[in-house]
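Let me begin by handing over the structure; questions about it come next.
All residue numbers refer to positions in the sequence shown, counting from 1. Values below: all heavy atoms of this structure, side chains included; hydrogens, waters and symmetry mates excluded.
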Amino acid sequence: MRLARGDLGTHAILLYGTAGSGKQHLSTLLAQAWLCQNPGAEGADGSCRACQTYERGTNADFLLVAPQGASRIIVRKQISNDNVKEGEPTPLLEFFRTLPVASKHRVALIEDAHRMNASSANSLLKTLEEPHPHGKLILTTDSVGSVLPTILSRCLAVVCELPSEESLRTLAPNVSEDLIRMSDGAPGRVLAAVQNPEAYERIAAFARSLFERPRGGALVAAEDFRQICELLAAKNGSGVRVANALAVELLATYLAREPAAPAEWTQAAVDSHRRIVGNVGAPIVFDALFASILTERGF
């Protein structure tokens, strides 16, 4: 509420924490409060023109900047007006040069700020150093250590801390131990798992099966895991590539919390997640991952 009211006198906020910790929800509340024409003690009033257009996704004073393409990168033309073609979204720097149309401020939200390449990050620095009086900037990230120190030092960094396991079970009383484990303590992930328990439970069962599979069963394991990814994509309504990355991340989280699993298994899954996010083909990654795990098992 202090941020929403402007009591802290800052123009740029960085919200960081693990995936599912509430950064996205908090960023939308803060954005609406900064846009609102008549904000009160509890933030946005919800009834002014700025709030109504924001809730419909049509507020001209709000700009969302998010990673693009298969590589999930925020590129320079999303920040500066270099090489922007007609019909493409307004770059952030150009957006801030215009006064608010029907809101108290112009607000930009940069999701996954750690995905800015060097060129886009350097372009952002000028706005952070010389902010417009009518401009407010919100950044979110799951990986604060990957944000450039020059950007981090110019923002008010706010950690989105995770609740206790007791609070998580209050949020979802019937959630299984497997789903709690794969949520990594994040409420957003708990809710996602509760909405799609079949795929998540199959990932947990698959993780347990790795202790019983034969050393020569890597290809079979890779095919079984690929089918789980397809189920996850169908249930979540996402692309297969996104589901592949999520499934490997959930597998890594489960293995990290499994006392009997060697640390090398978790590291192999983490490395595989990085390769898939980097656009390496999933079949190759899965074959290598499970060959490594089943060989590492040693029996």
Lys/Arg-Asp/Glu bridge criterion (N-O < 4.0 Å) met for Arg181, Glu258: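 Salt bridge: yes.
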His132 side chain to Leu99 backbone, donor-acceptor under 3.5 Å: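 No; judged by distance alone, with no hydrogens or angles, the pair does not exist.
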Interatomic distance, Leu125 atom CG to Thr150 atom OG1 [nearest 0.5 angstrom]: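 OG1 of Thr150 is found 4.5 Å from CG of Leu125.
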Minimum side-chain heavy-atom gap Val277-Arg115 below 4.5 Å: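 Yes. Closest side-chain heavy atoms under 4.5 Å.
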Thr253 side chain vs Glu249 backbone, donor-acceptor pair below 3.5 Å: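 Flag set: sc Thr253 to bb Glu249 pair under 3.5 Å.
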In one Ile/Leu/Val/Met/Phe/Trp/Tyr side-chain cluster, 4.5 Å: Ile73, Val242: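 In one cluster with Ile73: Val242, no.
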Residue pair Asp45 / Cys51, side-chain heavy-atom distance below 4.5 Å: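 Yes; the side chains approach each other to less than 4.5 Å.
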Residues Arg213, Leu210; criterion side chain to side chain contact (heavy atoms under 4.5 Å, CB included); working and verdict: CA-CA 5 Å; Arg213 290 177 182 264; Leu210 293 174; 4.2 Å; yes
Sole candidate of Ile203, Leu251, Leu232 that passes side-chain contact (heavy atoms from CB on, under 4.5 Å) when paired with Leu246: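 Testing each of Ile203, Leu251, Leu232 against Leu246, the sole residue satisfying side-chain contact (heavy atoms from CB on, under 4.5 Å) is Leu232.
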N/O donor-acceptor pair under 3.5 Å between Lys23 side chain and Gly17 backbone: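 The answer is yes, because a donor-acceptor pair under 3.5 Å joins these two groups.
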CZ (Arg208) with more than 12 external heavy atoms under 6.0 Å: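 Enclosed.
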Note: Lys104-Asp61 ion pair, threshold 4.0 Å (strictly below):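 No salt bridge links Lys104 with Asp61.
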Any donor-acceptor N/O pair, Arg154 side chain to Thr127 backbone, under 3.5 Å: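 Side chain of Arg154 to backbone of Thr127: no pair is present.
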Joint cluster assignment, Val158 & Leu162, ILVMFWY side-chain distance < 4.5 Å: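 No; Leu162 is not reachable from Val158 via cluster members.
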Side-chain heavy atoms of Tyr54 within contact of Ser103, under 4.5 Å: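 The answer is no; the side chains never approach within 4.5 Å.
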In one Ile/Leu/Val/Met/Phe/Trp/Tyr side-chain cluster, 4.5 Å: Leu148, Leu92: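 Leu148 and Leu92: one cluster.
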Any pair counted as side-chain hydrogen bond (donor to acceptor under 3.5 Å, both in side chains), so long as it reaches residues 25-40, sequence neighbours left out: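 side-chain hydrogen bond (donor to acceptor under 3.5 Å, both in side chains) check on residues 25-40 returns Gln32-Glu55.
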Residue pair Ile74 / Gln78: nearest heavy atoms and the distance that separates them: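 Looks like CA-OE1, 3.3 Å.
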Backbone of Ser120 reached by a side-chain donor or acceptor of Lys77 within 3.5 Å: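 Side chain of Lys77 to backbone of Ser120: no pair is present.
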Euclidean distance, Leu109 CG relative to Leu139 CG, rounded to 0.5 Å: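 So the CG of Leu139 and the CG of Leu109 are separated by 8.0 Å.
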Rounded distance [0.5 Å steps], CZ in Arg202 versus CG in Leu231: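 Between Arg202 CZ and Leu231 CG, I get 5.5 Å after rounding to 0.5 Å.
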Residue pair Ile151 / Met116: nearest heavy atoms and the distance that separates them: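 Here Ile151 and Met116 meet closest at CD1-CE, 3.6 Å.
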Test item: Lys136 side-chain N/O and Thr10 main-chain N/O as donor-acceptor pair under 3.5 Å: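 Judged by distance alone, yes, a pair lies under 3.5 Å.
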Co-membership, hydrophobic cluster, residues Leu128 and Val144, 4.5 Å side-chain: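 Hydrophobic grouping puts Leu128 with Val144.
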Heavy-atom pair of closest approach, residues Ala269 and Ala252: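 Shortest heavy-atom separation between Ala269 and Ala252 comes out as CB-CB, 3.6 Å.
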Heavy atoms of other groups near Leu156 CG, more than 12 under 6.0 Å: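 Counting neighbours around CG of Leu156, more than 12 heavy atoms of other residues, nucleotides or ligands fall under 6.0 Å, so yes.
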Gap between atom CG of Asn122 and atom CG of Asn117 - 0.5 Å precision: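 That separation rounds to 9.0 Å.
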For Leu294 against Gly217, the heavy-atom pair lying closest together: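 Nearest heavy atoms, Leu294 then Gly217: CD1-C, 3.6 Å.
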CG on Asp142 to OG1 on Thr18, rounded to 0.5 Å: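 It comes to 6.5 Å.
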Listed partners of Glu177 passing salt bridge (Lys or Arg N to Asp or Glu O under 4.0 Å), at least two apart: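 With sequence neighbours excluded, Glu177 shows a salt bridge (Lys or Arg N to Asp or Glu O under 4.0 Å) to Arg169, given in chain and number order.
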Asp178 and Tyr254, any side-chain heavy atoms less than 4.5 Å apart: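 Yes. Closest side-chain heavy atoms under 4.5 Å.
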Min side-chain heavy-atom separation Leu137-Leu124 under 4.5 Å: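 SC-SC contact between Leu137 and Leu124 confirmed.
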Under 3.5 Å donor-acceptor, Ser176 side chain and Leu179 backbone: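 Yes, the answer is positive, given that a donor and an acceptor are paired below the 3.5 Å cut-off.
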Ser167 and Ser164 side chains, donor-acceptor separation under 3.5 Å: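 Yes, a side-chain donor-acceptor pair sits under 3.5 Å.
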Minimum-distance pair of heavy atoms, taken over all atoms of Leu168 and Ala186: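 In this case the closest contact between Leu168 and Ala186 is CD2-C, 4.2 Å.
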Distance in Å, Ile293 CD1 paired with Arg215 CZ, rounded so as to fall on 0.5 Å steps: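 If we round to the nearest 0.5 Å, Ile293:CD1 and Arg215:CZ are 13.5 Å apart.
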Shared hydrophobic cluster for Val107 and Leu93 (ILVMFWY, side-chain gaps under 4.5 Å):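 Cluster IDs for Val107 and Leu93 differ.
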Residues which pass salt bridge (Lys or Arg N to Asp or Glu O under 4.0 Å) with Glu230, listed by chain and number, not counting sequence neighbours: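 Result, salt bridge (Lys or Arg N to Asp or Glu O under 4.0 Å) vs Glu230: Arg226.
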Pair Asn244-Phe286, side chain to side chain contact (heavy atoms under 4.5 Å, CB included): steps then yes or no: CA-CA 9 Å; Asn244 290 340; Phe286 291 166; 4.0 Å; yes
Shortest non-hydrogen contact between Ala60 and Phe95, atoms and distance: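 The answer is O-CE1, 3.6 Å.
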Contact check, side chains of His134 and Thr98, non-hydrogen atoms, under 4.5 Å: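 Contact flag for His134/Thr98 side chains = no.
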Main-chain N/O of Thr53 paired to Asn59 side chain as donor or acceptor, under 3.5 Å: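 Looks like no, no N/O pair under 3.5 Å.
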Geometric class of the Phe206/Phe225 ring pair [parallel <30°, tilted 30-60°, perpendicular >60°]: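 Tilted, since the angle between the ring planes falls between 30° and 60°.
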Residue Glu129 excluded, over 12 heavy atoms near CD under 6.0 Å: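 More than 12 heavy atoms, drawn from other residues, nucleotides or ligands, come within 6.0 Å of this atom.
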pair Gln24-Thr140: side-chain heavy atoms closer than 4.5 Å: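 They are not in contact (no side-chain heavy atoms under 4.5 Å apart), so the answer is no.
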